[in-house]
A.B. asks: 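Please see the structure below; I have some questions.
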Amino acid sequence: MKNNDLKSSDEKPHDIPDSWEWVVLGSGVKFINGRAYKKVELLEDNSLTPVLRVGNLFTNSSWYYSNLNLDSDKYIDNGDLIYAWSASFGPRIWDGGHVIYHYHIWKLILDQAIDKNYLYYFLLDKRNVIGETDLHGSTMKHITKTNIEHLSFPLPPLSEQSRIAAKIAQLFALLRKVESSIQQYANLKDLLKSKLLDLAMRGKLVDQDPNDEPANVLLDKIKAEKDQLVKEKKIKSLPEITDGL
C-alpha cells in the first residue's frame, strides 16, 4: 500500500502542516490479535515458548510457557510493534525475543508509508487513543479494534516521521537523565542532612573556640542559681541538673 492509498479522515482534531494528512489509522495499520489460552495450555516449563500476557508488559514478572505450534502471526519477535488493549493500555516495541502473545495484545503490521517509531510515540500518548467514550466493558476496561482502526492519525512525509521520532527519542533520553539526576540529588540531600546533623552533635560542624565557656561551668552556674532560689524559698526543689543530664 502506498501513501496515497491510505484512507483520508474526515475528522481533524487539530491543525497540521500543509504537507501532512489526516488518515484513518486502520487504512495503514493492521491490528492482529494474539491467542486466547485455556488454563491447561499455560505451562511452567521454561524450556518451551514463553507466552506474553498484558501483565508481563507492566507489573507481572511471572511467565507461562506453551508447547503449541501456532500460525506465524501468533508470535512476536524483537522489533515488532505491539499494543496492550485490555485492563492496562499502551504500545511497546518488543525486545524480549521470540514469544507467543495473548489475545489482549495486538501485533501491528504497518504500511510502508508509516514509520514504526513515529506510530509508537503517537500511541504512547493515551490522549490520542483513549477518550471518555473509547473504553468498553463493565469489569475489564478495553479498547475495541473498531475504535482504534477508525482513529484519525496525523501522517507527515515519511522522512519527517523519522526525524520526529528521532527527536522525541533524544529528548526522552534527556528527560531520563534529568529524572535520574533529581533522584540522585534527593538521595544526596537526605545523606547530607543526616551527616550535617551528626557532625553538629559531635562538635565537628564549627571550629572549637577555647574562649567559649565550657558546658560544665554553665551547668555549675545553673545549679548554684537553683540552690540559691530554693534556699530563698522562691522556688521548690527541682531535679538535679548534671552534665550527664
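Note: hydrogens, waters and symmetry copies are ignored here, and every other heavy atom, side chains too, is used. A quick note: this is a predicted structure, and the numbers were derived from the prediction, not measured.
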A.B. asks: What's the separation between atom CG in L155 and atom OG in S27, rounded to the nearest 0.5 Å?
C.D. replies: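 One finds 8.5 Å between CG of L155 and OG of S27.
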
A.B. asks: Under 3.5 Å, is there a donor-acceptor pair between the side chain of D80 and the main chain of D77?
C.D. replies: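 Answer holds: yes.
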
A.B. asks: When you measure from the side chain of N56 to the backbone of R53, do you find a donor-acceptor pair of N or O atoms at a distance under 3.5 Å?
C.D. replies: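 Answer holds: yes.
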
A.B. asks: Within a strict 4.5 Å, meaning less than it, do heavy atoms of the N117 and S162 side chains meet?
C.D. replies: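 No, every pair of side-chain atoms sits at 4.5 Å or beyond.
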
A.B. asks: Any side-chain to backbone donor/acceptor pair from R92 onto L81? Under 3.5 Å, distance only.
C.D. replies: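 No, R92 side chain to L81 backbone: no donor-acceptor pair under 3.5 Å.
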
A.B. asks: Ignoring hydrogens and angles, state whether a donor on the side chain of W20 or E160 is under 3.5 Å from an acceptor on the partner side chain.
C.D. replies: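 A pair is found: one side chain offers a donor N or O, the other an acceptor, under 3.5 Å apart.
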
A.B. asks: Can you tell me how far the CG atom of N128 sits from the CG atom of L25, to the nearest 0.5 Å?
C.D. replies: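 These two atoms lie 10.0 Å from each other.
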
A.B. asks: I'd like to know if the side chain of S180 reaches the main chain of R176, judged simply by a donor and an acceptor atom lying under 3.5 Å from each other, with no hydrogens or angles considered.
C.D. replies: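 A pair under 3.5 Å: no.
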
A.B. asks: Side chain of D115, backbone of L158: donor and acceptor closer than 3.5 Å?
C.D. replies: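 It does not hold such a pair.
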
A.B. asks: Determine whether the side chains of N33 and K74 contain a donor N or O and an acceptor N or O closer than 3.5 Å.
C.D. replies: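 No, no side-chain donor-acceptor contact under 3.5 Å.
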
A.B. asks: Would you say E232 and Q228 are linked by a side-chain donor-acceptor pair, where the criterion is simply a distance under 3.5 Å?
C.D. replies: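 A donor-acceptor contact under 3.5 Å links the two side chains.
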
A.B. asks: Go through the steps for V99 and V51 under the test side-chain contact (heavy atoms from CB on, under 4.5 Å), then give the verdict.
C.D. replies: CA-CA 6 Å; V99 299; V51 177; over 6 Å; no

